[in-house]
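Here the structure comes first, spelled out in structure tokens, and everything after it is commentary.
The sequence lines fix the lettering, A, B, ..., with proteins before strands; numbering per chain opens at 1. Reckoned from all heavy atoms, side chains included, excluding hydrogens, waters and symmetry mates.
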Amino acid sequence: MPHDHHDHPHSLLPPEPALRVKALETILTRKGLIDPAALDEIIETYETKIGPQNGARVVARAWADPAFRAALLTDATAAVSEMGFYGRQAEHVVAVENTPVQHNMVVCTLCSCYPWPLLGIPPAWYKSDAYRARAVREPRRVLAEFGVGLPPETAVRVWDSTAEVRYLVIPMRPEGSEGMSEKELAGLVTRDSMIGTGLARVPS
Amino acid sequence: MSARPDPVFEEPWHAQVFALTVHLNEAGRLDWPDWAARFGATLKRHGLAKELNGGEDYFAAWLETLEGWLAEEGAAAADEVARVEADWREAYLSTPHGQPVRLKGQTAPE
């Protein structure tokens, strides 16, 4: 008899690791160690409120406001906290600014340390062994694979994030963006440009 | 570059295990530098056998690290996790499709 897919006799069984996570949640909830509602809140926050749009606002402000730029380069943690971007995983943020003589690029060779409140959850490539190993060893080749070609006079500096220090790259403000509002500027700032594997978009 | 943003989490359980860990950290139970060191060690160990792609295998290493830490802390022992996991499996298999899945003896949330 053909199996009717619309008539499952029982609920769809989640994959094995999903059941293990559910088991951990159940045990910790029973022991009063976690609040299940807080878990939902964290997921919702990361899915809807936290992402590269936050970092883009920081970069756009730094481009538009010299006093903020100076504050950001002096103490990024304080400067971004003031904009409402803070959290335990971004307790110490350092902003590194790209210039014609230095391009900055960020990696975490240990695991996947990343300024979550500013950029959200890192993309899979950032967490891959390939990127984590090669960003330090051959940054120019990695950049070329991302489509970033730098002039020979631009040095590449790679910053290795840790659990304590997270880096945010301030990309160079693109030509043709003069006179744009902060909001318009933020639209030019890509996630990759704040990791250093991309450049800011050039306004069309 | 693609204009479409990547999904934040590829699988619901990736989000769940992430949130669980962040919650334990925010509640002051899990120290983040300690977590990063442990997680880094797991990734390194897994990376010896194959090149990790940063997707499913990344969260598999994450879950293994969290389970190891919780067992060490005495918060969730391995045999207890296995037992409750089996309860959940049974609950899924015995709940008619479309009905909310609950553990035996668990009442509906208010």
Side-chain angles (χ1 to χ4, degrees), chain A residues 7-28 31 33-35 38-43 46-47 50-52 87-89 91 108-113 116 120-132 146-147 162-164 190-192 198, chain B residues 1 5-6 8-13 15-20 22-27 29 32-37 39-40 42-43 47 51-56 58-61 63 66-67 70 75-76 80-89 91-99 101 103:
Chain A
D7 187 26
H8 285 290
H10 57 72
S11 304
L12 195 63
L13 189 66
E16 193 264 348
L19 291 172
R20 274 159 63 199
V21 177
K22 283 189 86 68
L24 292 178
E25 277 181 28
T26 302
I27 293 166
L28 297 178
K31 293 184 177 172
L33 295 171
I34 60 165
D35 170 12
L39 300 183
D40 294 340
E41 205 172 296
I42 290 168
I43 293 171
Y46 274 90
E47 284 184 336
I50 296 186
R88 281 187 175 257
Q89 290 77 29
E91 275 174 330
C108 172
T109 55
L110 172 68
C111 51
S112 53
C113 299
W116 293 347
I121 302 298
W125 60 258
Y126 183 85
K127 303 177 284 195
S128 70
D129 279 358
Y131 179 75
R132 287 163 50 224
F146 275 94
T162 66
E164 286 90 7
T190 63
R191 176 195 66 200
D192 290 4
Chain B
M1 198 168 34
D6 298 328
V8 175
F9 298 105
E10 284 169 30
E11 294 285 336
W13 76 265
Q16 293 291 338
V17 74
F18 170 84
L20 188 54
V22 169
H23 180 42
L24 288 165
N25 171 243
E26 288 179 348
R29 299 187 192 280
W32 205 257
D34 179 38
W35 163 259
F39 182 42
T42 311
L43 286 172
E51 189 168 284
L52 307 182
N53 64 18
E56 179 87 2
Y58 174 85
F59 283 102
L63 174 57
L66 184 64
E67 284 178 327
L70 287 168
E80 193 180 2
V81 177
R83 210 163 49 235
V84 178
E85 185 195 333
D87 290 346
W88 272 113
R89 180 172 288 109
Y92 274 93
L93 295 178
S94 61
T95 304
H97 187 62
Q99 302 285 310
V101 180
L103 288 179

Which answer fits Lys31(A), side chain, backbone, both or neither, if we ask what part of it has an atom under 4.5 Å from a heavy atom of chain B?
side chain
Distance in Å, Cys113(A) SG paired with Trp35(B) CH2, rounded so as to fall on 0.5 Å steps
11.5 Å
Considering only heavy atoms, which portion of Glu41(A) lies under 4.5 Å from any heavy atom of chain B: side chain, backbone, both, or neither?
neither
Looking only at non-hydrogen atoms, find the nearest pair between Leu28(A) and Ala75(B) and report the distance.
CD2-CB, 4.0 Å
With chain A, the option among Gly47(B), Ala61(B), Gly54(B) that has the most non-hydrogen atom pairs under 4.5 Å is Gly54(B)
Glu164(A) portion near chain B, given a 4.5 angstrom heavy-atom threshold:
side chain
Tell me, side chain or backbone of Arg29(B) under 4.5 Å from chain A's heavy atoms, or both, or neither?
side chain
Rounded at 0.5 Å granularity, tell me how far CG in Leu63(B) sits from CD in Glu16(A).
8.0 Å
Taking all non-hydrogen atoms of both residues into account, name the closest pair between Ala124(A) and Gly55(B) and its distance.
CB-N, 4.4 Å
Give the minimum heavy-atom separation between Ala76(B) and Leu24(A), together with the two atoms involved.
CB-CD2, 4.2 Å
Less than 4.5 Å apart, side chain to side chain, heavy atoms only: is that true for His97(B) and His10(A)?
no
Rounded distance [0.5 Å steps], CG in Leu43(B) versus OG in Ser128(A):
11.0 Å
Residue part contacting chain A, namely of Ala60(B), when any heavy atom lies under 4.5 Å:
neither
Can you tell me if Thr95(B) uses its side chain to pair, donor with acceptor, with the backbone of Ser11(A) under 3.5 Å?
no
Any side-chain heavy-atom pair from Trp116(A) and Val22(B) closer than 4.5 angstrom?
yes
Apply salt bridge (charged side-chain N to carboxylate O under 4.0 Å, His left out) to residues Glu85(B) and Lys22(A) and explain how you reach the verdict.
CA-CA 7 Å; Glu85(B) 185 195 333; Lys22(A) 283 189 86 68; over 6 Å; no
Holding to salt bridge (charged side-chain N to carboxylate O under 4.0 Å, His left out), I want the full list of residues that pass it with Asp35(A), two or more places apart in sequence or in another chain.
none
Within-4.5 Å side-chain heavy-atom neighbours: Pro17(A) and Phe59(B):
no
In sequence, state the C-alpha distance, the side-chain angles, and the governing distance for Tyr92(B) and Leu12(A), and then conclude on side chain to side chain contact (heavy atoms under 4.5 Å, CB included).
CA-CA 7 Å; Tyr92(B) 274 93; Leu12(A) 195 63; over 6 Å; no
Check whether any side-chain heavy atom of Glu47(A) lies under 4.5 Å from a side-chain heavy atom of Phe9(B), and answer yes or no.
yes
Test of understanding: with salt bridge (charged side-chain N to carboxylate O under 4.0 Å, His left out), list the residues that count as partners of Asp129(A), not counting sequence neighbours.
Arg132(A)
Based on non-hydrogen pairs under 4.5 Å, which of Thr109(A), Asp40(A), Ile50(A), Val21(A) is most in contact with chain B?
Val21(A)
Could you pull out the closest heavy-atom pair between Pro33(B) and Ala163(A), with the gap in Å?
CA-CB, 3.5 Å
Looking at chain A, which one of Pro12(B), Ala15(B), Ala86(B), Gly98(B) has the largest number of heavy-atom pairs inside 4.5 Å, strictly under?
Ala15(B)
Can you say whether Leu20(B) sits under 4.5 Å from chain A via the side chain, the backbone, both, or neither, judging by heavy atoms?
both
Would a 4.5 Å heavy-atom cut-off, applied to side chains only, mark Ile42(A) and Glu26(B) as touching?
yes
Okay, Leu70(B) and chain A: the region with an atom under 4.5 Å from a heavy atom over there is side chain
For the residue pair Asn53(B) and Trp125(A), establish whether any side-chain heavy-atom pair is separated by less than 4.5 Å.
no
Measuring from Gln16(B):CD to Leu39(A):CG, what's the distance to the nearest 0.5 Å?
6.5 Å
Identify which part of Pro52(A) has an atom lying under 4.5 Å from any heavy atom of chain B, answering side chain, backbone, both or neither.
neither
If we define contacts as heavy-atom pairs under 4.5 Å, which of Ile27(A), Thr162(A), Ile34(A) has the most with chain B?
Ile27(A)
pair Pro14(A)-Trp13(B): side-chain heavy atoms closer than 4.5 Å:
no
